[in-house]
Amino acid sequence: MPGDTLNINNKAVAQNTYDAIVIGSGISGGWAAKELTEKGLKVLMLERGRPLEHVKDYKTANNDPWQFEHRGKTTAEQKKNYPVIHRGWAAYEPIMQYWTNEVDSPYVEVKPFTWWRAYQMGGRSVLWGRQSYRWSDLDFEANLKDGIAIDWPIRYKDLAPWYDHVEKFAGISGSAEGLAHLPDGHFLPPMDLNCVEKDVSARIKDFYKDQRHLIIGRVANLTQAIPGRTQCQFRNRCWEGCPFGGYFSTQSSTLPAALATGNLTVRPWSIVTKIIYDKDTQKAKGVEILDAETNKTYEFYSKIVFLNASALNSAWVLMNSATDVWPDGLGSSSGELAHNIMDHHYNLGASGTVEGYEDKYYYGRRANGFYIPRFANMQGDKRDYLRGFGYQGSASRGNWNHDVAELSVGTDFKEALTEPGGWTIGATGFGEILPYHENKISLDKEKKDKWGLPVLAMDAIIRDNELKMRKDIISELKAMFEASGVKNVTTYDQGHAIGHGIHEMGTARMGNDAKTSVLNANNQVWDAKNVFVTDGAAMTSSACQNPSLTYMALTARAADFAFDELKKGNI
C-alpha cells in the first residue's frame, strides 16, 4: 500500500509495484538485490525480521571482555527462548541478539533437527563461518556417476565465470593449490598457516606422496582493503558483526552496493506468506506479506520474484503458494518440493599435542584455520560408501591453563602464568550427505507460530552411507595426525542431527526434467518461469565443501539470465 513500504532512507515509495521482488536479505538475497539493481531494475527486498544497520547495530563488537554482564554466558531466560541454539556452540552472550526467538518461531521435530535461524536484515550473513570453496565437476557429476537422485543440470564451466564475479566483489583470501577437485579462484593474499600447521602440512604431503594436502582456509575475510571495506583486523570476533567490514556480509557488501544505485527499497518486518500466482499467464504476479509488527496483510507486485528465504523457508513459501492449482504448493508438480534435504554432517574429529615448538608463537587471532580437502573416493581411492569429506581445524598454544606444578602460588605461580602452554592441534570433519527423497519437511497441521502461520515439521536423518563415512573421518584424521608427529591423539563423535551444520540444502532442487525437479538449469521454477530460487533450496547434491560461495555464484548467474529474459519479453 502507498506509504507502507519503507525505503532505507525513509522515503515513501509511490506505489507497490516493482520490476523485481527479492524475498530474503541473507547471502543470496543480498546478491540478488545487488545484481538486479545494478542492471537498472527497481527492486523491493523483503526481510521478515528486524532492521540491522551496519556498524551501529553491532552492539558488542567493540566491548572488552569485562564489559559483558554474564562473561559470555547466557541467561535462564535465553535458555528458555532459544533451546535449539543451546544444543551447540552458538549459545554465546555477545551473539544472542542475532538468533531467532524459538518460542515465537517454533518448528516440529519428527526426527531430531537442529535449525539455527537469524531473522534480521542480512540473515545469517552476519554470523556465517565465511569458509568459501568452489565446487568442481567431481561434485556436479557425482549424482550421475553414482546413479543417485538426479543429475545436476549444470557443470563447473557454467559457474566458473560467476565464481570469478562473486569472489572479486566479496573478497576471498586463499592460496592457489592447483587441485582439480578444489578449483583455484580469484584470491586475495592468503592468511598464513602458523609454524605447527606448516610442519604438519609438509609431513602429511610427504607421507601421503602429495595425495593429501593441508592448506590455509579460503575465507571471505579481507587480507587487503577494498573500496568501502577495511582488511581483517585479526580480532576473530566476526560473529558479533565487523565494524571494519573485514568480512563479507549483506550489510558490509551487497546492501551498500544495491542502495548506491538508488533502485532498492527495503521493507523489514515483512513475512512473505505466499507468492501470488496468475493461472492465466502461468506466472507469479507478486507476493503477499504479513507485517510482523502490525499483523496487517499487504500485496506487492513485480515482473520477477527471487526467492532467497533460506532452503527451508523458501520451501515453506512455495508450499503455501498456488495451492488452488497444486495442493502441495507452487513447484510441487514433480513431487520433489520439500524433499531431498541435505546438510553437512560433522561434530566429530580428533586432536592431539605437538612437541618441540615452545619457542614459537603467532600474532593476532586469525579468523580462519586450515583446510584438508577431500581425498576419499577419488583418484583411484575406493571406500564402502559414496562421496567424501574434508576437515577444518587449527593449531595453537594453550590458553594459559596448562598444569602448574602443585598449583603453586606467589612468584613462581605468577611467572608461570606469563608463559603460554604447549601446542595442540585439532580438526573436525565435514561430510557429504546424500540427497535422499525420504528426508523431507512438511507443513504441520496443528502447530502455529506467533503470527498464526503454520510451521515446518522436520523429518530427516543421516543414514547408513553417512554413518560409514563417519568412521573413516575419525580414523583417517587420527592416522594423519600420528603420521605427522602429533602425540596423544584422541578422537570424538558427538553424533549429528541434520541442520546442525547450518548448511541446509535441497528442498527445491535443480534438474533437467520438470518431472523430477523443482527448478531448471537457470534456477527458474518449472511451474512459474518468472520465479527464481537461488539459495540452498536449489542444490541437487551437497558436496562436502561449504556451499555459500556456490549460492552467490548461482544467484549472480540467475540474475543475469532473468534480466536478459525480461528484456526479451520472455518472462
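Computed from a predicted model, the values in this text were never measured in an experiment.
- Between Met539 and Thr550, some side-chain heavy-atom pair lies under the 4.5 Å cut-off.
- Taking the ring axis of Phe68 as reference, the NZ or CZ atom of Arg71 does not stay both within 45° of it and closer than 6.0 Å to the ring centre.
- The side-chain heavy atoms of Phe244 and Cys232, taken from C-beta on, include no pair separated by under 4.5 Å.
- Relative ring orientation between Tyr357 and Trp423 is described as perpendicular, the plane-to-plane angle rising above 60° on a 0-90° scale split at 30° and 60°.
- A parallel orientation is assigned to the rings of Phe248 and Trp31, their planes being inclined by less than 30° (bins at 30° and 60°).
- Each of Trp89, Trp239, Trp128, Tyr82 was evaluated against Trp116; a single residue qualifies, Trp89, per the ring-ring contact (aromatic ring centres under 6.0 Å, His included) test.
- The two residues Ser175 and Phe187 make their nearest non-hydrogen contact at O-CE1, 3.6 Å.
- Within the 4.5 Å cutoff, side-chain heavy atoms of Phe481 are placed close to those of Ile425.
- Here Lys468 pairs with Asp464 in a salt bridge; the nearest charged N to carboxylate O distance falls below 4.0 Å.
- Checked by atom type, the side-chain pair Asn546/His344 shows no donor-acceptor distance below 3.5 Å.
- Figure legend: Arg134 and Tyr156 shown without cation-pi pairing, the cationic atom not lying both under 6.0 angstrom from the six-membered ring centre and within 45 degrees of its axis.
- Remark: Arg130 qualifies as a cation-pi partner of Tyr247 under the 6.0 Å distance and 45° angle criteria applied to the six-membered ring.
- Using a 4.5 Å heavy-atom threshold, the side chains of Phe430 and Gln131 count as separate.
- Shown here is Arg365, whose CZ atom has no more than 12 heavy atoms of other residues, nucleotides or ligands within 6.0 Å.
- One finds a salt bridge joining Arg218 and Asp184 here, because a Lys/Arg side-chain nitrogen approaches an Asp/Glu carboxylate oxygen to under 4.0 Å.
- In this structure, OG1 in Thr114 is found 13.5 Å from NE2 in His86, a value given to the nearest 0.5 Å.
- Of all non-hydrogen atoms in Ala558 and Thr534, the two that sit nearest each other are CB-CG2, 3.6 Å.
- Asn308 and Ser28 share a side-chain donor-acceptor pair at under 3.5 Å.
- Relative orientation of the Tyr385 and Phe389 rings is tilted, given thresholds of 30° and 60° on the angle between their planes.
- A salt bridge between Lys59 and Asp57 is present, with a side-chain N of the basic residue lying under 4.0 Å from a carboxylate O of the acidic one.
- The minimum heavy-atom distance linking Arg557 with Asn523 is given by the pair NH1-OD1, 4.2 Å.
- Formation of a donor-acceptor pair under 3.5 Å by the Ser314 side chain with backbone atoms of Ala311 is not found in this model.
- The two residues Met505 and Pro547 come nearest to each other via the heavy atoms SD-CB, 4.0 Å.
- For the 3.5 Å distance criterion, the side chains of Glu466 and Tyr436 qualify, holding a donor opposite an acceptor.
- For the pair Thr540/Ile150, a side-chain contact is recorded, criterion being any heavy-atom separation below 4.5 Å from C-beta on.
- Atoms CD and CZ, on Glu504 and Arg124 in that order, are 4.0 Å from each other to the nearest 0.5 Å.
- Aromatic ring orientation, Trp152 versus Phe140: perpendicular (interplanar angle above 60°, classes split at 30° and 60°).
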Trp115 vs Leu312, test: side-chain contact (heavy atoms from CB on, under 4.5 Å). Steps then yes/no. CA-CA 9 Å; Trp115 192 18; Leu312 304 184; 3.7 Å; yes
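- A cation-pi arrangement is present between Arg212 and Phe375 under the rule of less than 6.0 angstrom and at most 45 degrees off the ring axis.
- Salt bridge status for Glu109 with Arg87: present, with a side-chain N to carboxylate O gap under 4.0 Å.
- Between Gln251 and Tyr58, some side-chain heavy-atom pair lies under the 4.5 Å cut-off.
- Taking both residues in full, the closest heavy atoms of Glu240 and Tyr98 are given as O-OH, 2.7 Å, listed atom of the first, atom of the second, then distance.
- In this structure, Arg366 and Asn194 approach most closely via the heavy-atom pair NH1-N, 3.8 Å.
- Using a 4.0 Å cut-off between charged nitrogen and carboxylate oxygen, Lys478 and Glu482 count as a salt-bridge pair.
- Checking Ser201 against His213 by side-chain atom types alone, no donor-acceptor pair falls below 3.5 Å.
- Within 6.0 Å of NZ in Lys198 there are more than 12 heavy atoms belonging to other residues, nucleotides or ligands.
- With hydrogens and angles left out, the side-chain atoms of Thr353 and Asn488 include a donor and acceptor closer than 3.5 Å.
- Side-chain contact between Asp493 and Asn347 is absent, with no heavy atoms from C-beta onward closer than 4.5 Å.
- In this structure, Gln67 places its CD atom where more than 12 heavy-atom neighbours from other residues, nucleotides or ligands lie under 6.0 Å away.
- You'll find the side chain of His70 reaches within 4.5 Å of the side chain of Thr75, heavy atoms only.
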